[in-house]
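Single-structure report; data block below.
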Amino acid sequence: MFNLAQYYYDVKLFDKAIYRWDKLVTFYEANNLADDALFMIGQSYEKLEKWGDALGAYKNLIEEYPISELLDQTILQINMIAEKLKGGK
């Protein structure tokens with residue numbers, strides 16, 4: 001499931017990628033790829049310029065997987081979106 005979502009992301013079918021990763025998180029939340037899926041959902045929403053949805057995915061990752069190896073990168077992405085929304089480049 002993760003590989004199919006990654007394929008959709010790679011070919012810029014972000015909505016389909018989000019759908020697949022969301023299924024992985026929903027049905028396999030104990031899976032060791034669930035935090036990766038949430039991060040990639042955030043990345044996909046960023047590509048679609050859906051900043052609020054991206055923030056939601058990243059915040060969900062932090063809440064659900066506080067010891068994830070992706071925590072630092074997730075915080076960085078949140079800060080980058082916050083800067084973008086404030087009008088920074």
query = Hey, are the side chains of Ile41 and Asn60 touching, using non-hydrogen atoms and a 4.5 Å cut-off?
reply = no
query = If every non-hydrogen atom of Ala17 is compared with every non-hydrogen atom of Ala5, which pair is closest and at what distance?
reply = CB-O, 3.4 Å
inquiry  = Taking the side chain as everything from C-beta on, heavy atoms only, tell me whether Gln6 gets closer than 4.5 Å to Trp21.
reply    = yes
Common cluster, Leu70/Leu76, ILVMFWY with side-chain heavy-atom separation under 4.5 Å = no
task = To the nearest 0.5 Å, tell me how far Leu4 CG sits from Leu24 CG.
result = 11.0 Å
ask   = How about Thr74 and Ser68: do any of their side-chain heavy atoms sit closer than 4.5 Å?
value = no
Chi angles and distances behind the side-chain contact (heavy atoms from CB on, under 4.5 Å) call for Gln73, Gln77 = CA-CA 6 Å; Gln73 182 63 33; Gln77 293 303 121; 2.8 Å; yes
query = When clusters are formed by joining ILVMFWY residues with side-chain heavy atoms under 4.5 Å apart, either directly or through shared neighbours, do Ile78 and Leu85 land in the same one?
reply = yes
Polar contact flag, side-chain donor to acceptor under 3.5 angstrom, Asn79-Glu83 = no
ask   = Same hydrophobic cluster for Phe27 and Leu61, using side-chain heavy-atom links shorter than 4.5 Å among ILVMFWY?
value = yes
request  = State, with a plain yes or no, whether a side-chain heavy atom of Asp35 is found less than 4.5 Å away from one of Val25.
outcome  = no
note = To the nearest 0.5 Å, atom OG of Ser44 lies from atom CG of Asp22 at 11.0 Å
inquiry  = In this structure, would Met40 and Ile75 fall into the same cluster of hydrophobic residues linked by side-chain contacts under 4.5 Å?
reply    = yes
Worked check of ring-ring contact (aromatic ring centres under 6.0 Å, His included) between Tyr45 and Trp51 = CA-CA 7 Å; Tyr45 279 129; Trp51 311 118; over 10 Å; no
ask   = Taking C-beta and beyond as the side chain, do Ile18 and Leu48 meet within less than 4.5 Å on heavy atoms?
value = yes
query = Is any side-chain heavy atom of Phe2 less than 4.5 Å from a side-chain heavy atom of Asp36?
reply = yes
ask   = Are any non-hydrogen side-chain atoms of Phe14 and Gln43 less than 4.5 angstrom apart?
value = no
task = Check the side chains of Tyr58 and Glu63 for a donor-acceptor pair under 3.5 angstrom, ignoring hydrogens and angles.
result = no
inquiry  = Would you compute the distance between atom OH of Tyr65 and atom CG of Asn32 and round it to the nearest 0.5 angstrom?
reply    = 10.0 Å
